[in-house]
Structure formats: structure tokens, C-alpha cells
J.: 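Can you read through this structure? Questions will come right after.
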Amino acid sequence: MPQYWLMKSEPDEVSIDDALAAPGATVAWTGVRNYQARNFMRDGMKVGDGVLFYHSSCPEPGIAGIARVASGIKPDPTQFDAKSPYYDAKSKPEDPRWLLVDVQAVRKTRLLPLPELRARPELAELVILRKGNRLSITPVEPAHWKVIEKMLG
DNA sequence: GCCAACGTTGGC
DNA sequence: GCCAACGTTGGC
């Protein structure tokens, strides 16, 4: 049973184009610093799961591409890098607090903006559309995935 | 830049 | 364990 996820990235940091241009179209998903999002990676993700690649904190936020989970969880090396904005002094290499997975871009899609997602009643329960949601990684129901795939064409 | 809505921290 | 203060996210 395949599972689906939505993963937010600021295109200034890693856009869908950056991911497609990376070796193997694969990037390490660094910088997750929220326990709930981390736990989704740790407890829920499997290699091959579908990913909606979402651009956040940018002029036009929305879904920008399709990707897949390309590895199991690994420690996020940026937590040990004192020069990284994601540095966490309280995390110890023998007991890493933060994890990542590799994400492989499958294809760039048209930009599917938030207002268009909100306009679809079938997507009302999509986690990122719910009020107050700020999670950078959220599960996506198979039915929602199908609707979104259709909208992307 | 604003601000709503969360999450985290730390004193008690 | 409570909760006020503070920090962050992220759309607008």
C-alpha cells in the first residue's frame, strides 16, 4: 500500500528545479526541526512513497512537482554543523535528534497555487489547508493525491 | 511588514 | 506539570 506525503520547501533553498538538477534528481531533506514532522519521516515513510513537492514562503506558494521518498531515515548532518542555521547544540552524534530522508524529484508540474487547492471541496480535509497548520511534512490521503494528480494534468 | 496560530522554553 | 513569554512559520 503506497503512502503519500506533502513536503514543504522554500524554493530559495531547494526548489523543484534544484532537486531535478541534483545528481540522480535526489536531495537530502535537511532542516526538519519539528518533532511531529520528524516522526512522520521516522514512523511513516517508506522508500517509494509519493511526495507532493510544495513551494512555501515565496511569491506563489503551491505544489510545484511530484517526487518520491528515495531512502530510509538518516541523521541530518546539519544539526552538528555549528555554521549551519539548522545547528542544534543539544543534539549529540551518538543520539541524533533530527533525521532526514532522501527525496527524488520525479517531475516538475505546473504550479498549483493554494487558492486553487482551497477551491476544491474534495480537498477540504487536506492537512495543509486546515486552519493554523504549519507542519512542513504532512500525510496525504490517497483520494486527495488522486484529485491533485488530476488537477496537475 | 503584519499577524494568527503554533511550538518551545524555563521559572515556579 | 502549569503556563506566560518568546520564537517561528507562512500566507497575505
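Order of the sequence lines sets the chain letters (A, B, ...), proteins ahead of strands, with each chain counted from 1.
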J.: Between A:E122 and A:K146, is there a side-chain N and carboxylate O pair less than 4.0 Å apart?
T.: no
J.: With a 4.5 Å cut-off on side-chain heavy atoms, are A:T138 and A:K8 touching?
T.: no
J.: Quick test of your reading of the model: are A:D76 and A:R33 salt-bridged, counting only N-O distances below 4.0 Å?
T.: yes
J.: For A:E10 and C:dG10, give me the distance from atom CD to atom P, rounded to whole Å.
T.: 7 Å
J.: Between C:dG11 atom P and A:I63 atom CD1, what is the distance in whole Å?
T.: 12 Å
J.: What does nucleotides 1-6 of chain B look like as a protein-contact string, B for base, S for sugar-phosphate only, - for none, at under 4.0 angstrom between heavy atoms?
T.: ----BB
J.: Are A:R68 and A:D49 ion-paired here, with the side-chain N under 4.0 Å from a carboxylate O?
T.: no
J.: Starting from P on C:dT9, measure out to CD on A:Q36 and report it in whole angstrom.
T.: 15 Å
J.: Closest approach to the side chain of A:Y35, judged atom by atom: which nucleotide of B:dG7, C:dG11, B:dT8 is it?
T.: B:dT8
J.: Without decimals, in angstroms, what is the distance between A:H55 NE2 and C:dT9 P?
T.: 18 Å
J.: To the nearest Å, give me how far apart CZ (A:R118) and P (C:dG10) are.
T.: 13 Å
J.: Short question: side chain of A:H55, backbone of A:I16 - any donor-acceptor pair under 3.5 Å?
T.: yes
J.: When A:F40 is tested against each of A:V32, A:N34, A:I137 for side-chain contact (heavy atoms from CB on, under 4.5 Å), which residue passes?
T.: A:I137
J.: Expressed in angstrom and rounded to an integer, what is the separation of A:L126 atom CG from C:dG11 atom P?
T.: 13 Å
J.: Are any of A:K90's side-chain N or O atoms less than 4.0 Å away from OP1 or OP2 of B:dT9?
T.: yes
J.: Figure out the CG/P separation between A:N34 and C:dG7, and round it to whole Å.
T.: 18 Å
J.: Nearest whole angstrom, please: distance from the C1' of C:dT9 to the CG of A:L114.
T.: 13 Å
J.: Check whether any side-chain heavy atom of A:L126 sits under 4.5 Å from a side-chain heavy atom of A:R118, and report yes or no.
T.: no
J.: Heavy atoms from C-beta onward define the side chain here; which of C:dG10, C:dG11, B:dG7 lies closest to that of A:P61?
T.: C:dG11
